[in-house]
Protein chains: 2
Amino acid sequence: MKLSVRGEYALRALLVLGLHYDQSVVRIQTISEQQNIPKRFLEQILNDLKSAGVVESRRGVSGGYRLARRPEEITLATVVRHIEGALAPVSCVSERFYEKCTCPDESRCAIRSIMKEVREAIVKIMERTTVATLCERARLLQHEAVSPFDFSI
Amino acid sequence: MKLSVRGEYALRALLVLGLHYDQSVVRIQTISEQQNIPKRFLEQILNDLKSAGVVESRRGVSGGYRLARRPEEITLATVVRHIEGALAPVSCVSERFYEKCTCPDESRCAIRSIMKEVREAIVKIMERTTVATLCERARLLQHEAVSPFDFSI
DNA sequence: AAAAATCTCTATTGACATAGTCGAGATTAA
DNA sequence: TTAATCTCGACTATGTCAATAGAGATTTTT
C-alpha cells in the first residue's frame, strides 16, 4: 500500500515549486539540495512531470522549472497517477488502470467491494488536495513552529 | 499504492475459510481451485497466516485449514499488516512500521500531514472490516445476483 | 563567437522484492 | 502400511525501483 520514493520526491519538488509560484524559475540543483533528493534522479522526475503538463522549464544559464498551472489546479491525484499509476489498492477497482483480476467472479467479489471503498477514500483525499493545499499547510506548519515565542512573556 | 498479489490471495483464502466457519477444515487444494490461486504459493501464505494466529491447521488425511478465531475478530488490517507491512502510504506516517524519511523537517512536512489523513482513511476501513464482514457481503452479493427472479411474475 | 550553466534524452546498473516452484519430511486417518 | 495432507526451507526467475552516467541541446553572458 505504499507510494514509491519517486512519487514522494515528485510531491516534494512540486511543493517547492508551489512556494515559488509566480516568482522566477527554480533550478533542479536548488530543489535537490533543499529536499535531499539525488539530483540526477530528480531530473528524470521533473522531466516526467513536464510531459504530464504539470511543470514547465526554461533551459540555459538562468533556466529552471516552474509550475505549468496554478497550484490550485494541480491535484495530488493527477500527480501520483501520472508517476505511479493506479491509486486503487487492487487494479480490478481502478477506474483508469483497470485490469481483470483472477478471482472466480469479479462482479460478486466481496473483497473487491471493500477495496472499492478503500479506493474511494484515497481518491477523495488525493483529488481534493492540491499543490496549493500543500503550500498553505507548509506555511501553517512553519508558523506553528514559531508560535510558542508569540505567547511568551 | 497497491496491495501485493500475496495479500490479495490471503484475503481470498480467508473469505473461503470464513464461509466454512465451524464446519470442517478446508483443504489447500480446495481453496486453490475455488480461487484460482497457485497451490504451492497458497501453502506458503496459509502457513504465514498460521504463524500470525489467524488460521489453524490439521495435518493428515482429513486435514486442512480453518480460522483460529471467530470471523468477527479478524480484521483486514491485521491480515494485511502481517502479510505486507505498513498500511500507510509512506512509512514516516506509519504507527507500527515507522521509518524516518529523508525530508528536511519531518515535523513540519506538509506532505506528511496529508499522508496522515490518507493513512487514517485506509486504516479506518481496514480496521472495521473483518472476515465476517466479507462473508456477509459475499452472501449478499450472491443473493443479489439471483434476486431478479424473486421479483419476476 | 566562445564559454558556462542549465535542462534533455536514453541507456545502464545494482539491489531488492515478488510470484512462484520444488523436494523431502512429518502427521494423521483409514 | 499407505495415501493424503500439511510443513519447512531453499531456490529461481522475473521485474521493478532507485540511482547514476554520458553526450547533446538551449540559453545567457561576456
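Within every chain, numbering begins at 1; the chains are lettered A, B, ... in the order of the sequence lines, protein sequences first and strands thereafter. Quick note: numbers below take in every heavy atom, side chains included, and nothing from hydrogens, waters or symmetry partners.
- The residue from B/Arg96, B/Met126, B/Glu95 that alone fulfils the side chain to side chain contact (heavy atoms under 4.5 Å, CB included) condition with B/Leu87 is B/Met126.
- Using a cut-off of 4.0 Å between Lys/Arg side-chain N and Asp/Glu carboxylate O, A/Arg66 and A/Glu56 are scored as salt-bridged.
- Per the geometry, CZ belonging to B/Arg40 stands 11 Å off P belonging to D/dC6, to the nearest Å.
- Of the candidate nucleotides C/dC7, D/dC6, C/dA19, D/dC6 has the atom nearest to the side chain of B/Tyr65.
- Judged by closest nucleotide on DNA chain D, B/Ile28 is the one of B/Ile28 and A/Pro38 placed further toward the 5' end.
- The CG atom of B/Asp48 sits 16 Å away from the P atom of C/dG20 (whole-angstrom rounding).
- Residue-level contact check: B/Glu43 touches the bases, meaning some heavy atom is under 4.0 Å from a base atom.
- In this entry the distance linking CD1 of A/Ile37 with P of D/dT20 reads 13 Å, nearest Å.
- Using a 4.5 Å heavy-atom cutoff, the side chains of A/Pro71 and A/Leu67 are in contact.
- For A/Leu42 and D/dA19, the CG to C1' distance is 12 Å, given to the nearest whole Å.
- Look at CG on B/Leu49: it is 14 Å from P on D/dC6, rounded to the nearest Å.
- One hydrophobic cluster, built from ILVMFWY side chains closer than 4.5 Å, holds both B/Ile31 and B/Tyr21.
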Would you tabulate the side-chain donor-acceptor contacts of residues 117-125 of chain B under 3.5 Å, counting partners in other chains and residues two or more places apart, or write 'none'?
from     : atom 1 : to       : atom 2 : distance (Å)
B/Glu117 : OE1    : A/Arg128 : NH2    : 3.2
B/Glu117 : OE2    : A/Arg137 : NH1    : 2.9
B/Glu117 : OE2    : A/Arg137 : NH2    : 3.1
B/Arg119 : NE     : B/Val93  : O      : 3.2

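- Two residues are said to be in side-chain contact when any heavy atoms from C-beta on lie closer than 4.5 Å; B/Leu14 and B/Val55 meet this criterion.
- Rounded to a whole Å, the CD atom of A/Glu8 is 11 Å from the P atom of D/dA19.
- Following rounding to the nearest Å, B/Ile45 (CD1) and D/dC8 (P) show an atom-to-atom distance of 16 Å.
- A/Leu46 comes within contact range of no nucleotide atom at all, as no heavy-atom separation falls under 4.0 Å.
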Grab the N/O contacts between the protein and nucleotides 27-30 of chain D below 3.5 Å, and write none if there aren't any.
from   : atom 1 : to      : atom 2 : distance (Å)
D/dT27 : O2     : A/Val61 : N      : 3.3

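- Side-chain N/O atoms of A/Tyr9 include none lying less than 4.0 angstrom from OP1 or OP2 on D/dC17.
- The base of D/dT20 sits within donor-acceptor range of the side chain of A/Gln44, with an N or O pair under 3.5 Å.
- Between B/Ser113 and B/Arg108, the side chains place no donor N or O within less than 3.5 Å of an acceptor N or O (distance only, hydrogens not considered).
- To the nearest angstrom, C1' of C/dC9 lies 11 Å from NZ of A/Lys50.
- Between A/Asn47 and the phosphate of C/dC7, there is no side-chain N or O to OP1/OP2 separation shorter than 4.0 Å.
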